[in-house]
Structures are given as C-alpha cells and as structure tokens.
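Remarks on the structure that follows.
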Amino acid sequence: MSKKDLRVKIGEVKTEKGTMKDLEISIGRIFEEEWEEPVGPTPFPSIKDLRNWDFKLLKRYKPFYMPFCDLCCFCTYGKCDLTKNKRGACGIDMAGQQARIVLLACAIGAATHCGHARHLVEHLIEEYGRDTPLSMGENVEIEAPHVRLVCGIRPRKIKDLEIALDYVENQVTHLLSAIHTGQEGHWMDFESKVFHAGMIDHVAMEIADIAQIAVYNFPKADPDAPLVELGAGVVDSKKPTILVVGHNVPPAIAIADYLTKENLVGSVEVAGLCCTAIDLTRYSSFAKIIGPMSWTLRFIRSGLADVIVVDEQCVRTNLVEEAKKIGALFIATSEKNCQGLPNRTNDPADQIVDDLVSGKQPGVLIFDTEKVGEVAVKAALAVAPKRKKKRSLLTPKEIIEGSKKCIKCQECIKACPDNLPVMYAVNDAARGDLSKLAELYEKCIGCARCESACSVNLPLHTYIISAAEKKMTEEKFKIRAGRGPISDIEIREVGQPIVFGEIPGVVAFVGCPNYANGGKEIPEMVDEFAKRRYIITLSGCAAMTAGMFKDEEGKTVYEKYHGRFDAGGVVNVGSCVSNPHISGAAIKIARIFAKRNIRANYEEIADYVYNRIGAVGVAWGAMSQKAASIASGFWRLGVPVIVGPHGSKYRRMLLGRKDRDEDWYVWDARTGKKVYVGPAPEHLFYTAETKEEAMVMIAKLCIRPNDTTKGRAIKLTHYIDLYKKFYGKLPDDIHLYVRTKADIPLTMKDEILAYLEAKGWKEKATPDPTLLPRLIRKKEG
Amino acid sequence: MSKKDLRVKIGEVKTEKGTMKDLEISIGRIFEEEWEEPVGPTPFPSIKDLRNWDFKLLKRYKPFYMPFCDLCCFCTYGKCDLTKNKRGACGIDMAGQQARIVLLACAIGAATHCGHARHLVEHLIEEYGRDTPLSMGENVEIEAPHVRLVCGIRPRKIKDLEIALDYVENQVTHLLSAIHTGQEGHWMDFESKVFHAGMIDHVAMEIADIAQIAVYNFPKADPDAPLVELGAGVVDSKKPTILVVGHNVPPAIAIADYLTKENLVGSVEVAGLCCTAIDLTRYSSFAKIIGPMSWTLRFIRSGLADVIVVDEQCVRTNLVEEAKKIGALFIATSEKNCQGLPNRTNDPADQIVDDLVSGKQPGVLIFDTEKVGEVAVKAALAVAPKRKKKRSLLTPKEIIEGSKKCIKCQECIKACPDNLPVMYAVNDAARGDLSKLAELYEKCIGCARCESACSVNLPLHTYIISAAEKKMTEEKFKIRAGRGPISDIEIREVGQPIVFGEIPGVVAFVGCPNYANGGKEIPEMVDEFAKRRYIITLSGCAAMTAGMFKDEEGKTVYEKYHGRFDAGGVVNVGSCVSNPHISGAAIKIARIFAKRNIRANYEEIADYVYNRIGAVGVAWGAMSQKAASIASGFWRLGVPVIVGPHGSKYRRMLLGRKDRDEDWYVWDARTGKKVYVGPAPEHLFYTAETKEEAMVMIAKLCIRPNDTTKGRAIKLTHYIDLYKKFYGKLPDDIHLYVRTKADIPLTMKDEILAYLEAKGWKEKATPDPTLLPRLIRKKEG
Amino acid sequence: MKLEPYQKAEIPGPSKAFAISNAKLLLAKIKKAKKPLMIIGHKSLELEINGKLLIDYLVEIAKKYRIPVITSTPTYLEIKRRGYETVYPMNLIEAASMVKDPSWTGFDGKGNYDLVFIAGFPYYYEWLTLSGLKHFSSIETISLDPYYQPHASWSFPTMKKEEWAKIINELLE
Amino acid sequence: MKLEPYQKAEIPGPSKAFAISNAKLLLAKIKKAKKPLMIIGHKSLELEINGKLLIDYLVEIAKKYRIPVITSTPTYLEIKRRGYETVYPMNLIEAASMVKDPSWTGFDGKGNYDLVFIAGFPYYYEWLTLSGLKHFSSIETISLDPYYQPHASWSFPTMKKEEWAKIINELLE
Ligand code: SF4
Ligand code: SF4
Ligand code: SF4
Ligand code: SF4
Ligand code: SF4
Ligand code: SF4
Ligand code: SF4
Ligand code: SF4
C-alpha cells in the first residue's frame, strides 16, 4: 500500500471543462507536490512497516496473558485444549492464541469505526457534494494529524478522505486475514498487528469526526462549546419523545432538521443514548443526552420514548423486543443493524407511519436518512397520545408481590457481571423493604443478565429501576458539548509546558463506563486531576459519566472547570470518534511545538510522544472491541492506558518491569550514548483494582524521560502526594525517577533525600531521549 | 458502494502523452460504456442489496444451530451464559450468537482470500506492470464471471482488478463491523451477511486466480493440463530439497525461476504442500505436490526438506520449531505470517544464507520475492550436504522402548479430534507390534494434538508416521495440473444438457480433507460419480486427495477419466482460489447458454442457477474459515453443499423440510402462477454421516425444478439406484420428484408406479421456475 | 466414571448432562416418555463392548421397549438385518431439526417425540447435535454411549465398558 | 458445595481447581511451601463472614504463618492498621507477572515464591489473573475465597459461609 496506485479507466468523464472519452490515467502516487513537508519513510504503512517500532515497545512491555478459556474454538479442528504448553491442531500455543484474540477484538474495533466513517463520508458526499472543504475552523491548520502522520496525505476536501478510507479497509482486511487458522503464530507478531489495528483505527475515527464536524458545522475547536442537558431526568415527559441510540448521527440529524423545518422544535423531545446523543448535541441546541449504553434499558423501560431510532454500534440487540414491551415504535437505519425488520426504504413515509402506528409493523428498517427524520417525527406525534407513555416500571406493591416468588437459587447473582447481591435485594423487597433494590441502581450496568437467568422469570432489572425511579427522574446534569479538535493556538501555548513536564500531564478519560462504580468514580478522578491542574480530556460515554455528578454547589465538572486545552481544563472533545483529537493533540505538539515533520513519519513521532508527552488514557469501564482498538492506537503512539479491574477481561496487560534496569535505556540523540532513564512510563496497559490505585498510577505514568527538572519535580509532587494519601508512605521507586537533586519536589526535600540515601541513589543523566538510533545526531563512538 | 465514486486529485501525472499538473477528476461511475451488456440492478452491491434474495433462501432452508459452547466470550461484558433462551449482556440470544460466529468465520475466510488476492495483484503489477492483459486463453470470453456478475465491471487488464478488490475490502470491513457488540442482533440478518461474505469471497478468489493465470501463464481452460507427480514418496531423497507451504505462490515461483535461471533444474527438488504446491505445478513442470495440509508434519518429520519456505494460509503455526527439530532452514515470506522472525529483506542474499546455514538464525523473514528464490536455493544447496536429511522418524526399537513409558492415561485419545485409539496402538507397540500404529496413519490428520497432550511426552505423531514409513515412501500418484476456467466452448456444449438435466449433475469436491477417512473416501466418491457420467470438478486439497488412490490398474481418477468439463470428466480447476471457476461455470451457463444478462445482475442469475443447474459442492473434510466462506458463496448462488460429519463443527446446517409442501412453491415465469415443484434441491447445507449417505444425497441434490422429463428421469435413476444400493429399498420421497409419468426412470417403471399409487401421487406441472416475481413475463391474474 | 467430555476440549459450558448411574433410571425415563425415539450412528458398527457390538445392544433395547429408530446408511441395512423393522432412514441433524419442531408429527403422524436416545456417532457430531437440541428445543435427550456426552440431558459418565454393559444388560433383562 | 464457578459463565475449560475440603490440606500446603505469598484484594473489606471481614481472616492467616502479603490501596492501609507489617503495595496483575517470572527474586531478594494464596478481588479479576498464572507459570495457586475459583490450583467450592469460616478457623487455631 505504500505505493498506493490509483488508476482510472473510464468511458466518459464529464467535468466543468467538457467531456473526455475513453480516458485512461495511471498515477503512481497521490501525493500533492505543493505541500512543502517532505514525505516521510512510511506513507500508507502496511502491517510490516512499523514492526520494528512495535517490537521495541513489546520488549519493554511484555504481555501478561490471562486466558478467558483454556480452549480455542476458532475452527473445525477445534475445540483445542491449549492448557499450559499444549498446542492446537494448527500448531498454535496459548500465548499466540491470546494475542490472536486481542487482534480479533482490535480488528473488529477498527473495522467498526472504519465502516462508520465510510458510511458517514458516503452520506455526506451524497448530501453535500464531494468538494465540501474540511475546515476545522480558523484556529486549526492541521486538520487531520493522523491522516497526515499515517497516510502522508493532507485532506482538503471531504473526497480526499476516501483515499485514506481505502487504505484503512485494505489494512483491516489484511489484519483479519492474519487471524485465519494457519497464518500468524507468534504472539509478538500478533501484538504488532494489534498496534497496527489501533493506528489505523485512529485514522478511521479521525476521518469520521472531521467529516461530520466540517459538514454539520459542529463546534470547531471551541473551548466554550455550549452546555447541554444530560441525564435520565431531563426529558419532558409530557411531550412526544424520540429516542436516538447509537453512533452514526445522520438519522438523528435528519430528525432534528425535520423538526426545525416543520417548526416543531419544542413540541417534540429528542434525546439520545451513547455517541449519537453526543454528536446530536454538537449539531442541535435542543437535543438532550440521556446517558451511556448502560442507561438503555433504564430509560426505555421508563416508557418515555415513543419512537426509538437506532443506528449502529453499542445498540442493545434486543430493542425490538424492549420497544414492544412499552409500545414504542422502532426504526432501524443501518445495514449493520437490521434486526430482521422489513425494509421500507422505498415506501412513502405516511404509509410507513400508518403501519407503525396501527401496530401492523412494530418495527421497520429505513435506509433513507431523510425519510427516517420524517417518519420518526410523524410517528412520534401520532403515537404519543395513543400510548400515553406506557411504561414497564412497577409499583412497590407489584415488586413486593413478585419478589415473594423468589426461590433463592442465586442464579441472578451468579449471572451478574459484578455479582451484585440481587437475590438479597429481592428478598428484602419480599419483606417490603425496597431500599436494597434502589441501592443496586447505582452499581447496576443495565445488562439484564440477572433477569434472563432468573429461575422464576422475575423482571429483575425493572425491579431495580422501579425501586430507584425517583432517583432516576432527578438525574439532571450538564455536559459541555463536544468541542472537536484542539486548536493550534492552544497547542502553541501548552506544547512547551507539556513537553517539559510543567503541566504535569494530559489525562484522557475515554470509553464506556460499563462497570460498577464507573458512574461515581470517573467524576471523582476528573475532579482530582483537574484540581491538580492536569489537562483533562474526555470523549464518548466517559465524557457523559464525568458530568453525572454534582459537587456541593450543585456543579458538574463541566461547570466547575474551563474547557480549554490547558492546565486545569476539562475538555470534552466529543464522541468516541473524537478520540483522535486527543491523540492528535500529541502529534500536533510534535509538529507545532517541536517542528518535527509528521507527514508519513509515524515512528519518529511515536518516539517523540512516547519519550516526551506525559499523556495517559483511562478507560474506566470499557467493554467494547472499539475500546480495545482505541487503546492500541494510543499504545503504538506511546501513550499508556489504564483500565479498571474489569479491563482484565481484555485478556492481557502490557507491563513494564521497573526492577530490570536493562529495560529502561534510551539513546541520547545528542551524544549517541545509551542512557538509563528509569521506568518512564512504567506500563503501557495496566488494570487498576481501585480508583485510588488508578489515581496514583495516572500520576506516575505521566512521567517521561524528557521532563525538565522543574517538570519532573512537579510530576513527582503529584505522584508522591497521591501515593502518600492512598498508601500512607513514600513510594518505593522514587530513586528511579529522581535524576538529580533538582528533580526532588521542594516540599518533600528532606524526606526524599533521606529515602534516596537509604537506597544508595546516584545521580543520573537527562538525555535527549529516543529509541531510534537513526535519530542520533552525532554518530556513536 | 453501488455508486462507487472514484476521484483523483494529483499534483502531477505523467502519461505517455505528456505531463498534467494539478489535475483533478471526479468520476461518477466507472462503467465502460462500450460494453453492450446493460448494467443490472445491483452493481457493487452492499450488504443490504441482496437481503431479499437471502431471506427467500433462508425461509426455505432454516438454520439448525449447534452451539460449540453455551457461552459467548466476544467482549468484556462476558462471558455470558446463553443457554436456552438466555440473553447476553448486550441482548443477543443463542441463535443470533451462532449466526454471528458463522459470519465471523466467513468474514475471516473472505478477508483471507481478499488479502491474498491483493498481495498477489500488487506483486504482479509491480513485476509485470499494470497493463498486463487478463487473457484466459482463446476459448474464454467471459474472463471473470463473478466480477462481472457482482461488480458489473469487465476487467481487461490486471489493474482493473483493483477496483473490485477495493469493493471487496470495503465490504469485508462492513461485515466485520456488524460483528461488534451491539450491532446486528437477528440471526436472519447475520445469515444474510454470511451469504454476502461468501459472494464477495468468490469475487476475491476469482481475482487472485485470473491474475495469476494471466500473468504466469498457467494452463488456460486446458482440459489436457499435464499430469503432475503427487505424494509423500515422490521426492528424490538424494537431492537438496525445498519445501514450499501455503497458498500465495510468488515466492515458490521465484524459487523455480531461480533454479531455471541458474540451470539447477534437476539438481534441486521443489515440492509443496497445499495450494502453493498446486499453483506451482501450474507454472513449473518440475515441481511436485506432497499433499494437503494434513501431510505437513509427516513430510517435515521425514527429514527430506532442507529448506522450508512458507507463505500464507493453512501453514501450521509452529513450523519454526518443527524445522529446528530436523535441522531444516526456515524462510517466512508473508507479512501475515511473520512468526516473530528477524526481517532480513534488506540484507544481501549471501549474508542471509550464511546466517541460516551457520545456524546463527534458524529462520528468517524475507519480503522480497526474488531474494527468497535466491536465498532458498543457495541455502538448500549449502545445507543439504551438512544436514544429511536429518529426520525425526524413529526406529521400531526406539518406538517400542518409548511406548513402554505409556501410563495409559488416555489423554492422547481424548485429545485426538477423531478419538483415534492412539493409546491402544502404543500399548501394542510396547509389546512389539507396530501394526496398529501403522494403521493409524490412514486416519490420522496430522494435528499432533495427541502428542501435545501426552502425559509422558511421547512423540506420538512421529510414532505413527515412523511405523508407516514404508507406506509413506510408496505414496506416488498423479494429479492433473489445475486447468483454470471452463472454456466457453465447453459451456456451449454442456449448457443445455445440464440445464435440462441430461447430464445428471456437476459435483464439486472442494476444501480440505482434514478429517479421518477423507483420504480414502474422496477418490471413491469421485470415481462413483464420474462413472455415472456426472461432471466432477475439484480444487485445492480435495483435488490432491482424489488423486491419492489407485485402482486395480494402478490408475488414479485423473488417469482414468478425461479432464473436459463434460459428462464423466474429472476436472481439477486448480487451487482453493480456483473455486470460482466452478461457480463461474454456472454463471457462464446462464450467460452463454441462456443468454441472461449477468452484469450486476446477481439475484436473477442466482435464481437461474438455483432452479436450473444441478450442481452440488462436497467439502468432505473442510476445516478452515475459508472453506466456510467458499461454501456460503455457493449457497447464495443457489448451489447446495454437503460436508462430512465433522462439518457439524461449522455450527449450523441449512436444512429444507420436504414434509412441508408450502415451502416448495415457485413462480411459473410463463404464467405467473405459483407451482409446487417438490423439494429441489432439498437442502442447502447438509452434513452426511457416511460416504454412502453423502453419495445418495449428492445424487438427490442435483435435482432441479427445471429438469426436463428426460433429465429428471436420469437424475432419479441415479438417486434411486444409489439409494437402493445403500438402503436396500426405494426412497420414500420419489412421489415428490416425479411430476409426470415421463419422469419415471424406465428401468424402474413398475416398481415406482406401484409406489406412487400407494402414496396417492398426483401429476404435477413443470413450470419455468423462479423465486422472483419480477421475472414473471405474464402478469398474474 | 468422570463427568468429563470424552473429547477433552469439548467443554459445553454451565449446563451439563446429568449422570446415568443405573438401569432403573433409564427404565423410569422410558416408562415416563409418551413417545421415545432412538437415533443410531454408524460408529455403533465398530464399537465392541464385551464381545458384542454397540448396535446389537441398541437394537435390543429398541426391540424390547418398542422404540422407533432413526438411522442412516450403512447402519440402516444392519438394523434391518437384525430383524428390527421400525427403523427410518434419516440423517442425524435432519432428524434433530425435525424433532426440534413441536409441530412435526413424527413417523406415525401422531405427534412429535418427547424423549430421544442417541448413540453410536462420531463424538463431536453427536455432541453438536445434542447441543442444538439442548438450546433450541425442550426435548429430553439421553446418550447411550459409554462415555460422557455433556450436551445431552442425561448421559453415562465416561466409564469402563464392562460397567456400561452391566447397566445396559440390566435394562435388557 | 459445588465445583461451579461463582460467575455462572466463567467456565475455565478442561483444567479446573481441586476442591479444598478441610484445614489439614491447607496446612499441609503451607508447610510444604518453601516461600508462600498472599495477595489480597479490596473486596475483602466488603465481604463479611460470620460477623468478621474477610480481610481479618486473611491477615490472621498471614500473621500466623508469616506469609508476606501483596495488596493495593486502600487495602494496604487496612492491613497496616491491623498491625501486619510484611505487606507490599503492588497491583494484582503486576504481582502475577512478577511471580510468573522464575528469575524474580521476591521482596527479600532471595528467590521467587512457590505458593500463592489469593482472595478478596472482584471475581472475574481474580479469575483471569489465576488463569494467567495457570497457563504461563508453574506456581501453585490457592484461592481462599468462599466460592469456587476454577483457574486456581486449589479453591474452596462455592459454599456456605459458615462452612468456610469453620475451615479457616481451624487453620487459625
Ligand atoms: S484455530 Fe488452531 S487451536 Fe483453534 S480450534 Fe483451530 S486448530 Fe484448534
Ligand atoms: S442488570 Fe444490573 S443487577 Fe442485573 S445482572 Fe446486570 S448489572 Fe447485575
Ligand atoms: S434468580 Fe430469581 S429466583 Fe433465583 S435467587 Fe435470583 S431472583 Fe430469586
Ligand atoms: S473460547 Fe469462548 S466460545 Fe470458545 S469454548 Fe471458550 S468460552 Fe466457549
Ligand atoms: S458480545 Fe454480548 S453475549 Fe457476547 S460477551 Fe459481549 S455482551 Fe455477552
Ligand atoms: S496426530 Fe493423528 S492420532 Fe494424533 S491427535 Fe491428531 S489425528 Fe489423532
Ligand atoms: S497420552 Fe501418552 S501416556 Fe497417556 S495413554 Fe496416551 S500415549 Fe499413553
Ligand atoms: S483445502 Fe483446506 S487445507 Fe487445503 S489449502 Fe485449502 S483451506 Fe487449506
């Protein structure tokens, strides 16, 4: 692919300048010549091109695999027992198989964003034309850092994105192919492919987001993006309500447009779950956000939605059934999520509305976005008076009566991903006390597995939300609408303090909050680090969750902190596909602050980010394959990621060994010498057991070899301070991070000096760090 | 994608006619105008475009799912228990999950062929230029039936294939994306996507094969392609030997070219496993075929290979280790299969050879095909005298001594995919009798799971092959080299007899023979149906296996039968990627014989094939994800597939219900009436328990609604004859297939008439059958 | 006597067959069933237990308790040869997909079967078919093989062949 | 007392923990171990058994048998508060990846541990870590949770808390 070779053969081309017949053109490269930045070594890199870089990381951060299952069941030779060092019929061993599973997850993740980006770009081109410019606003010159970095092209118009998408699809296909039985076998090469999947995933996401920002005129690098209503309680229950669910926003936008066109704004509520909600609020001032995926059943069963419109990704797969329960009408809009429904795309809108409202067809499939807008609104208006917000919530009496049927089999507890004490809450309920059920609401992730498992078919999830109904209706918060990219001005201001370490770090809260406590702990962590003047970036469901908590003054973190990409900022970039603005900020620092060439220059930039930019990702409740590939995109770029304990289910961690000095040498680009720089960053992929552990690790993983003494002192202050707070003592690895006495935080000087002495600490050098010998300016020896 | 929109923006284009600067072109469609065939309704169909057709098939052939596991472990919500009607945390149920797993397998399969095709086409373009014409020989006008049918384009030069590959990659990405948690949920839509994966897989395979046929000048629709040596015994053990393994032939061809260039033909043996072997023998007269994937360990452990060169697909994943055991040198050549080896692509050939031969690096990775040729040959010449065919086979004494260590734990039996009685054979060996071990050789599929499981680490697979060494060295057979496509002339001759049913059927033996008995049973079935004057087509490992048996006269089926696509022919089309020549023959019949438009006209052609062409696929030991997608490509085209019992591991069958009359109505295109046509074909995907059952079902599944009375009588003759042979009585469904008395085979007239009478049989109509109301020529009513 | 799949890796998941420990249990099942059915595979022609082929045991059970049998070829001919006539040729998975359908009326047209005995197939083939029935039907299934088939409702544990024969012989007494 | 994962779906595969049925067995294991280690999770601060927190039982065992403990925060503070000093702050999987490495010399620099007790983590977290150790190390692992952890070498079955407490109390006597 590095020589991606476009060619066209056509019978007839019509351009503004006339018609050409039987034109045939071959083009060796598609690189613009007018762009002054030289093409780096790896334009459109294939799987193998960055393998060396990956191996460098993988040698420092060895995978620790945790198989979900002793078996492999990938082909009809299987199942194969891979316990311990057994090999499967194809010759694979357990490490290989685990890495292969991780690759599968990441390939699915990357494919999902790529498919999303492709459908979005196709749609936008159809609606707005292929020449729509890709402006990210006045303050953003580097519109697509990932596309530039990886592909080596500079997209100017929306059609330029298609070249990059072709590349991503090509690579996804090769990656998936490597999973076939009897292909790759070595864990290390599987892991390198995992990183590759992550890299192209960031390209795909970036494409999706810049396309929609440009065309729909979402906030463009706007630190003051408006505050938006958030929570299960923000919907006006008296109005007809449309619920949009998913990630690919055009159908939701068509609904908003139709309402605007028909002067119905204010008469119909439009609220959303997951990223479609986030993206809709970047477009429309009247849309509302209910919450993340785990809020799906809560909100639907509350009965407020009259029409449910789903697009793709993170859409609970049995919503047709759930919609039926509450008499809501159901519209599917994506070819990736058809749910067996009749395709009504080519029928007149009114006929579809009739069939829905009359109950002839409780659900339909419509691929025409505009028609979705019309049908959804008309159907909502028509059905709302009829169904009168039918709900499936239950009265205390119903719950108490039902609970008495429990046979105490514990199946609910055993089915719950977090082993929540459902049975005990039910048994209390049978005795008339619903408080335990209501308490579960806080921790429950809305998966309904308990319900599905119940021996006597109690609607357990409904019990939980019914018991907590009051709490649910009181959930009214604010979130800052997704602002999109970080502006060049912001980068110019923070580039140096970040690279020098004076802003102690950039912490990105991303991914789903689909594990217990996610809801409470994310806002707490955000607050802690914003207070400490880290830069906090957020996206997707994590961004919502951060907003779902109010301090004593009734303020969410979005109201409490500013939205600039600067110390102490709480910066919601947008939906999941906005994540590349976070990684992209690091790339931009390399370009704008450090003047590195980024064009097709992945390895050098990753090396730069890895050694200099104290960024860390936190995915506190991530559950999806997309989350896996997003994380691996961060890893390849040299940004460590922390997950909650549930993250162990991703089946492997990438852990450094600070006890092995030999692992932590870099080249000094100035001298060509190998220099010990300490375990910085110590890990690349890490599960924290508790939020306290996570907070300590966040602070530590922001440490980078390039920190100035001032920067290192600031970072150590936070690390040590948090460590002391949560462990009651000094951390046992300070000596690895203190290079000279000037690195020591002033306020802890004596204590640390004593500690260093006890450890026999010696002064260390501060190099111009790199893992790439080719970047040494002076030849060694 | 149906409006696949190519656009180019370039700084500079150099063409033969000069240089253009800052050219920008937008092209709405890429369809040649000069091609007189009109563009059908579904050019470059997306996932949803053939959903209606799929649903028609799926309503007749309902999936019967057989979960491998009660659980789903696809995301970090899991594992989820889906037993019975439980739902996972994402809302999916067991039927949805099983269909999703099938889709995953098929997406992997399609991706694998697509990746293969892409690498091949890129390589050929690089080596031979993009304008290399795609000639399939004088007698083939329709060079790419699948590309024409699906994409609606007519590829003339190799570069034209890239457009189709872009399309396939795009669709693979969307399909994979549908597997993400919280996307598709309904089994029926997953199954429709399965069919879609199969369809694009045939496009991908076709691209790969016509590219290599055209460029490498493989036999072009040649019924008299040369006979080639086949078997584990055909290698001259005195010569330095290179073993090529995999599917993507360029590195093997580079070896052959280097030998030719250096005048070394005859001094070095080149033999192969799997499809690379097949494709190499289509190129080079001196190459030999060892056997299918299951022969891998046999041959390697025999020690004959001095150098092992692997490319991609169906390559046992621990061959680095196996090569080490016998001191063979190892070269990997594909980015999909790097095995953690050092990348030596940019080093001088002699230096690599030195490092290999000296043992400094037992294995290397080389992406430069030409360099692979040079290194492999030089290394083989250098190492052969040193290693002296070191083997890992054992003497009877060694086996007997070793066998005494057996602790009778049965782990070997429990680990064997076929529960072969390994322990009992070992225990006999301990008593000095190796005959049972030698017997296992016939059934063993070479997976080495027994070995891996053995509690006392006995090299059990080596025991088996050592005990059967004599037999192995006597394995010398012939196979006809892959002939490529079916010529237009052949189609013209057989089109009518096939469509009318006078040639009773086309039986395609495809896929791996990786289950016990595959080796014996495939040749037997081929012989039976060739004798009955069916047309037998074969590809890949099944084609090899068919050749691995000699009749009393010492002839293989390739020597016994002609190679024309005509009654009684045994037609090896080539490797796995040659499969589309088989399905393509059906498409060509529709075009050439019936004059249907095939361009972008999938549904109509599938309807044609389904109702008229008595073809059936047999995958008697298929194990791979590729086999799954190949099969599903046949299904969507209306061709049923039979697998052996192990095929149950594909986890679902598509079974018709002949007892439900209402399922078997078609439209009569002449009258617009709905007409009962009997269960023809009865099933779409079927496991046969035994070869006898398979043979009866093969004959039955060739029956089609369109058969003339003569044709039907012939088909029934074979069906009833085989049924009587294997069940000793008349089948109980003849009345469903006899439409008028003229359908009754003459030789069985009385018996069948009596049977019909007893069944209360009534005469039935013979319509012009179609499942598509739009094809009715006269409006109904 | 372990409740462990005979194919080591073919772990079913949380739901596993109950163990058959004696003939009484089998007898009770047969008695309780309104319409039992037996499906026999060709491995029954190879597996010898105490000098007698598995197929002989199975046919004797079918005869004694008048259980109709479904089988394929060549087993069909072998069963006929053993003088049992209530035997229908049908493929295993075809049979399973019929039995799964509550509206199927069986070979006598009088209604579907409610208990399926199964034995004598390649392990994985039987295993998967039983899985299909476990998840997608409410039919009770009993494997009569001398090893554990966890996807059945009931199965013998993987056991010594003599012990198996003892129990089966009791059933035949 | 079933050998069934506490998370219904977390079926390990063919290789499963042996059941701990009495205190003697645990005692023997401790005695035999050259260098035991205990890793304690924060759920031990929530789980009450017979009026006493799991962490208290665990710390008492550690104290009595002088087993060094690895734990994270906030558990670290809680263990210190209980007066046990041989406790090292470390993340569970970090600890597992160290223990897995035969060349790791432990906290005393004298060599790696050979027996790991583990308890008090979120079920799946402990489950997966144990899986990592099962497949990629030869360390013996014992789960002390009152429910079955099948990826351990040894585990209590899922059992009544009183029964669990009885056994543990015997160990503490
Ligand atoms: S992919 Fe390999 S290990 Fe997995 S089931 Fe197939 S042969 Fe076994
Ligand atoms: S719905 Fe809530 S309580 Fe029920 S299983 Fe899921 S997380 Fe547990
Ligand atoms: S699964 Fe149902 S019956 Fe069983 S304990 Fe839970 S609530 Fe009670
Ligand atoms: S890997 Fe998953 S689906 Fe496969 S056997 Fe294990 S738990 Fe079941
Ligand atoms: S994909 Fe669905 S069923 Fe599977 S593990 Fe995830 S939540 Fe459970
Ligand atoms: S190598 Fe042969 S005998 Fe051994 S497990 Fe595989 S198929 Fe069975
Ligand atoms: S696994 Fe090894 S020790 Fe056990 S029975 Fe088989 S040959 Fe003997
Ligand atoms: S037939 Fe099967 S084993 Fe042989 S090459 Fe094809 S997929 Fe591989």
Side-chain angles (χ1 to χ4, degrees), chain B residues 62-71 79 81-85 93-95 98 410-411 413-419 449 453 515-516 644-653 655-660 682-683 686-693 695-697 723 725-729 731-732, chain C residues 4-16 40-43 45-46 71-77 80-81 87-98 100-101 103-105 107 109 120-138 147 150-151 158:
Chain B
K62 294 243 166 59
F64 181 68
Y65 295 110
M66 296 167 286
F68 231 31
C69 183
D70 299 344
L71 309 170
K79 301 180 181 183
D81 176 13
L82 304 181
T83 312
K84 294 246 174 198
N85 50 7
D93 63 7
M94 189 51 112
Q98 294 309 304
Q410 298 213 37
E411 290 294 322
I413 300 179
K414 288 187 192 166
C416 177
D418 276 305
N419 297 122
R449 260 172 31 184
Y515 265 85
H646 76 284
S648 55
K649 292 197 183 182
Y650 283 115
R651 299 160 207 207
R652 75 100 169 70
M653 294 293 123
L655 300 174
R657 283 284 296 270
K658 65 181 174 192
D659 60 321
R660 288 215 289 237
E682 187 183 359
H683 301 299
Y686 179 88
T687 48
E689 185 190 337
T690 59
K691 65 174 192 297
E692 293 87 357
E693 192 192 312
M695 285 191 272
V696 171
M697 192 48 84
Y723 197 97
K725 180 165 163 191
F726 294 128
Y727 293 93
K729 68 177 198 90
D732 68 352
Chain C
E4 206 183 66
Y6 189 52
Q7 273 275 334
K8 185 91 172 187
E10 289 187 348
I11 303 292
S15 130
K16 288 164 63 176
I40 300 179
H42 76 284
K43 290 275 173 192
L45 303 174
E46 295 167 18
T71 194
S72 181
T73 167
T75 340
Y76 179 79
L77 294 172
K80 286 276 202 161
R81 185 169 305 148
V87 51
Y88 306 92
M90 195 182 266
N91 162 276
L92 170 61
I93 300 182
E94 223 178 341
S97 86
M98 303 293 267
K100 174 199 152 197
D101 173 7
S103 75
W104 185 47
T105 52
F107 293 106
F121 289 93
Y123 188 77
Y124 51 83
Y125 188 45
E126 187 170 320
W127 193 86
L128 281 158
T129 308
L130 285 167
S131 169
L133 287 174
K134 169 171 106 177
H135 286 287
F136 298 104
S137 84
S138 48
Y147 38 70
H151 277 307
T158 299

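Side chains included, hydrogens not; waters and symmetry mates left out as well; all remaining heavy atoms used. Convention: sequence-line order gives letters A, B, ...; per-chain numbering from 1.
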Residue pairs fulfilling salt bridge (Lys or Arg N to Asp or Glu O under 4.0 Å) with at least one residue in residues 5-15 of chain C, sequence neighbours excluded:
B:E411-C:K8, B:K649-C:E10
Taking all atoms of both residues into account, what is the closest heavy-atom pair of [X] and [Y], and its distance?
{"X": "C:L128", "Y": "B:P67", "value": "CD2-O, 3.7 Å"}
{"X": "C:Y123", "Y": "C:P5", "value": "OH-CA, 3.4 Å"}
{"X": "C:Y125", "Y": "B:A688", "value": "OH-C, 4.4 Å"}

Region of [X] that comes under 4.5 Å of a non-hydrogen atom in chain C:
{"X": "B:F64", "result": "side chain"}
{"X": "B:Y650", "result": "neither"}
{"X": "B:A95", "result": "both"}
{"X": "B:M653", "result": "side chain"}
{"X": "B:D732", "result": "neither"}
{"X": "B:K62", "result": "neither"}
{"X": "B:R660", "result": "side chain"}

Residues in ring pair (Phe, Tyr, Trp, His ring centres under 6.0 Å) with B:F726, at least two apart?
none
Taking every non-hydrogen pair under 4.5 Å, which of B:R449, B:R657, B:K79, B:R651 racks up the most with chain C?
B:R657
So which residue, B:E689, B:K729, B:M94, B:Q98, ends up with the most heavy-atom pairs under 4.5 Å with chain C?
B:E689
Specify whether B:Y686 and B:H683 have parallel, tilted or perpendicular ring planes, treating 30° as the upper limit for parallel and 60° as the lower limit for perpendicular.
parallel
C:W127 vs C:H151 aromatic rings, parallel, tilted or perpendicular, using cut-offs 30° and 60°?
perpendicular
Counting only non-hydrogen atoms closer than 4.5 Å, does [X] touch chain B with its backbone (N, CA, C, O), its side chain (CB onward), both, or neither?
{"X": "C:T105", "result": "neither"}
{"X": "C:F121", "result": "side chain"}
{"X": "C:Y124", "result": "both"}
{"X": "C:Y76", "result": "side chain"}
{"X": "C:I11", "result": "backbone"}

Shorter than 4.5 Å, heavy atoms on both sides: which option in [options] has the most such pairs with chain B?
{"options": "C:L130, C:T129, C:L77", "result": "C:L77"}
{"options": "C:K43, C:K100, C:M98", "result": "C:M98"}
{"options": "C:P89, C:G41, C:S137", "result": "C:P89"}
{"options": "C:P122, C:A96, C:S103", "result": "C:A96"}

Residues B:K84 and B:D70 bridged, charged N to O under 4.0 Å:
no
Compare all side-chain heavy atoms of B:E692 with those of B:Y723 and state whether any distance is below 4.5 angstrom.
no
Using side chain to side chain contact (heavy atoms under 4.5 Å, CB included), reason through B:D93 and B:L82 one step at a time and then give a plain yes or no.
CA-CA 6 Å; B:D93 63 7; B:L82 304 181; over 6 Å; no
Check each of C:L92, C:T71, C:L45, C:V87 against C:I40 using the side chain to side chain contact (heavy atoms under 4.5 Å, CB included) test, and report the only one that passes.
C:T71
